[in-house]
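Here's the structure we're looking at; comments come further down.
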There are 2 protein chains.
Amino acid sequence: MSNPTLHDVARAAGVSYSTADRVLNERGGVAAKSIQRVQRAIQELGYRRDIRAANLSRRRSYRFAVFLPQGDHGFFSSLGQALLAQAEARAADRVSVTLCDPSRPDDAIREGGEWDCAALVGTESEGLAQVMAELTDRGIPAITLVSDIDGSRRGYVGIDNTVAGRTAGRLLRLAHGRGAGRILPVLGSLSLRDHRERLDGAAEVLAAPGSRLVLLPPVEVHDQPDRMRDRLDAALRADAGITGIYSIGAGNRGLIALMEAGGEGRPFVVLHELTPHSRAALERDLIDVVIDQKPAEEAARALDAMRAIADGEEPPAAVITPAIFFKENLPGVPA
Amino acid sequence: MSNPTLHDVARAAGVSYSTADRVLNERGGVAAKSIQRVQRAIQELGYRRDIRAANLSRRRSYRFAVFLPQGDHGFFSSLGQALLAQAEARAADRVSVTLCDPSRPDDAIREGGEWDCAALVGTESEGLAQVMAELTDRGIPAITLVSDIDGSRRGYVGIDNTVAGRTAGRLLRLAHGRGAGRILPVLGSLSLRDHRERLDGAAEVLAAPGSRLVLLPPVEVHDQPDRMRDRLDAALRADAGITGIYSIGAGNRGLIALMEAGGEGRPFVVLHELTPHSRAALERDLIDVVIDQKPAEEAARALDAMRAIADGEEPPAAVITPAIFFKENLPGVPA
DNA sequence: AAGAAAATGATTGACGTGTTTCTTTTTCCG
DNA sequence: CGGAAAAAGAAACACGTCAATCATTTTCTT
């Protein structure tokens with residue numbers, strides 16, 4: 001039989017449907033002997049519960065919360081949009097997503113929210129620990145996005161930031177051929193785990209045998225475009241030998257503006273996240289490489305993982321391979 | 001109402017459930033006026049049929065066929081495995097996949113197969129046109145994978161091969177810095193559309209202003225490792241100035257063997273598809289870059305598209321962004 | 001062995017849609 | 001106006017599971 005039902009299982013086990021159901025759904029009150037017989041029948045028949053029928057019956061819906069920092073941050077907003085778009089696309093599966101601001105712990109939405117799973121974007125913001133505690137308190141499982149967090153969580157969806165850093169390092173080395181150079185890393189803050197990991201990854205490759213590149217001490221710009229512009233400008237003036245820039249975090253508008261003003265002979269620039277700004281900068285040869293973590297895919301995987309958890313399964317491993325964009329391989333604008 | 005049912009629609013339209021059903025499923029025998037009223041109600045309530053309930057009711061299953069060239073071709077076999085694995089993962093959605101050999105037109109499987117949708121891997125093989133005719137004949141919709149095909153098909157899932165070629169070109173330019181060089185393209189056959197597109201993409205970038213690279217005439221090796229090795233060996237001996245190789249198709253075991261034997265001072269090598277061989281070669285510094293079209297993702301998108309078509313929807317656009325792998329950013333071995 | 005407790009069986013009505021059959025109402029046409 | 005045809009309604013069963021209730025049987029306890 002291609003698709004045995006629970007009735008078939010019950011028959012094969014020599015018990016009633018009720019008993020099979022009690023075993024399957026762990027309702028208790030079943031003799032050990034019967035449990036074994038049912039489980040064996042499940043094994044032998046290769047029974048798998050029809051999730052569609054089950055969800056239909058229990059009027060199941062998937063209510064997910066995503067705690068996403070708000071504000072002027074291109075990547076986060078596009079991740080938010082991708083999440084909402086994905087939820088819309090899965091409306092037939094009764095998936096809904098609520099975006100929450102982690103920095104407002106007493107958010108009304110959060111008060112009333114009854115969620116089946118939550119996702120935390122792992123920037124070490126103030127409210128996040130509080131949110132985690134609250135979720136644990138209420139027994140709501142959580143995964144992390146973008147950057148991992150220590151603590152009890154059920155899975156991580158996002159890129160491997162160390163690998164991303166290594167990628168940047170490799171690209172910088174490629175761009176320098178056999179020549180020497182000085183690379184300036186710019187990041188939001190050293191206290192952010194994802195930034196630190198990227199920096200470490202890059203450092204590893206730049207320090208490897210055969211490299212004639214030097215990684216300078218990182219500049220912290222707190223993801224702010226103006227600060228990015230000022231600090232970077234100062235650093236470039238102070239050290240005329242800088243041949244490469246690795247922008248690890250956000251605030252790249254400031255970097256791009258500087259490159260635009262800078263004239264020819266600019267350093268080789270690698271940065272993260274494909275946004276309208278960075279895309280335009282690539283096209284205009286103001287920067288060289290964009291490493292993108294593909295918010296759309298990340299959103300899809302995040303919902304997959306949260307759904308699996310809500311269904312009581314193990315979330316699938318979801319390490320996203322970041323995309324590398326040059327001027328020449330930009331994706332077509334979706335029609 | 002969050003999730004209106006067809007009953008709700010019927011009530012809102014002031015007709016019976018039967019009539020609403022007749023309109024929804026286009027069974028005919030409904031007055032134009034009623035059709036309009038029902039459709040308006042669907043619009044206003046934002047009704048969407050619950051596909052799970054619908055599938056449950058009609059005992060729906062998704063039976064897909066994939067026509068995949070067999071034989072000693074790492075990528076195709078990993079794509080095949082990925083497809084089967086994906087089907088297994090979606091067993092709960094009643095998805096099943098049958099792999100067929102396009103070069104055996106009288107295959108027993110193919111004879112008896114009743115499929116809801118098919119996928120054709122678009123290598124211009126002999127049997128493929130016949131398969132397409134057969135499918136059209138039977139009214140089975142089809143999509144293309146890996147390489148597009150002209151003709152009546154409902155969608156394409158895979159990478160943009162022209163963009164992939166441009167990517168290779170850009171990487172080769174990067175690797176040469178401002179220096180000059182001669183690039184040797186190696187491909188299966190110029191009659192294969194995907195190979196041609198990749199070559200064109202690379203040519204475009206290598207011929208762009210500022211480039212000091214020359215793209216040599218392509219060598220055809222018909223995806224065979226020994227031929228790859230022989231032809232490539234001959235070409236490298238004939239032209240000592242070759243500084244880069246772009247391997248567009250398969251048969252890379254021959255290339256890798258040659259690089260291994262070749263000693264130091266080898267050219268910069270870009271090739272396609274991450275396989276155990278190419279991975280090992282990257283790790284051992286025998287080649288430099290692998291452009292991968294991610295068979296697992298391709299399989300997932302292919303099933304998404306086929307399912308959408310089987311459900312009578314428009315398949316989602318699925319242009320996959322190829323991954324670029326260096327030695328430094330190889331994905332971890334899945335645990 | 002009687003009674004309590006535990007285990008099991010039997011049955012029922014959802015969930016939202018598909019599908020069929022049969023009846024009733026409306027519309028059309030000569 | 002009468003009859004046929006078209007349109008609409010009503011009802012039932014199915015799909016596989018969940019969840020609850022109630023009746024029955026088995027097992028355990030004293």
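Every chain is numbered from 1, with letters handed out A, B, ... down the list of sequences.
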(message) If you compare every side-chain N and O of B/Tyr47 against the phosphate oxygens of C/dT17 (OP1, OP2), does one of them come in below 4.0 Å?
(response) yes
(request) State, with a plain yes or no, whether a side-chain heavy atom of A/Val121 is found less than 4.5 Å away from one of A/Phe76. (result) yes
(request) Provide the closest heavy-atom pair for B/Ala296 versus B/Ala82 in the form atom of the first, atom of the second, distance. (result) CA-CB, 3.8 Å
(request) May I ask you to decide whether B/Arg52 forms a salt bridge with B/Asp93, counting only side-chain N to carboxylate O separations under 4.0 Å? (result) no
(message) Closest approach to the side chain of B/Asp50, judged atom by atom: which nucleotide of D/dT17, C/dG16, D/dG9 is it?
(response) C/dG16
(request) Give a yes or no on this: more than 12 heavy atoms of other residues, nucleotides or ligands lie within 6.0 Å of atom CD of B/Glu44. (result) yes
(message) Check this for me: does the side-chain of B/Arg22 come within 3.5 Å of the base of D/dA8 through a donor and an acceptor?
(response) yes
(request) Return the value, rounded to whole Å, for the distance between atom CG of A/Asn25 and atom C1' of D/dA20. (result) 13 Å
(request) Would you mind reading off the distance between A/Leu56 atom CG and D/dG16 atom P, rounded to a whole angstrom? (result) 12 Å
(request) Check the distance between D/dA8's P and B/Leu24's CG and give it to me in whole angstrom. (result) 15 Å
(request) Write down the distance between CG (A/Asp8) and C1' (D/dT17), rounded to a whole number of angstrom. (result) 13 Å
(request) Test for a donor-acceptor pair under 3.5 Å between the base of D/dG16 and the side chain of B/Arg52, counting only N and O atoms. (result) no
(message) It should be established whether B/Arg59 places a side-chain nitrogen or oxygen under 4.0 Å from OP1 or OP2 of nucleotide C/dG18.
(response) no
(request) Confirm from the modelled atom types if A/Ser16 and C/dA10 form a donor-acceptor pair under 3.5 Å, side chain to base only. (result) no
(request) In whole angstrom, give the distance that lies between atom CZ of A/Arg37 and atom C1' of C/dA7. (result) 13 Å
(message) Quick check for you: among D/dG16, C/dA10, D/dC18, whose closest atom lies nearest to any side-chain atom of A/Asp21?
(response) D/dC18
(message) Nearest to the side chain of A/His7, heavy atoms from C-beta on, is which of D/dC18, D/dC15, D/dT17?
(response) D/dT17
(request) Can you figure out which of C/dG18, C/dA14, D/dA8 approaches the side chain of B/Ser34 most closely? (result) D/dA8
(message) Closest approach to the side chain of B/Thr5, judged atom by atom: which nucleotide of C/dG18, C/dT17, D/dC18 is it?
(response) C/dT17
(request) Decide, yes or no, whether a salt bridge links B/Glu114 with B/Arg138 under the criterion of side-chain N to carboxylate O below 4.0 Å. (result) no
(message) Rounding to an integer number of Å, can you tell me how far A/Asp311 CG sits from D/dC18 P?
(response) 11 Å
(request) Let me know the distance between CG of B/Asn55 and P of D/dC15, rounded to the nearest Å. (result) 15 Å
(request) Would you please confirm or rule out a distance under 4.0 Å between OP1 or OP2 of D/dG9 and any side-chain N or O of B/Thr19? (result) yes
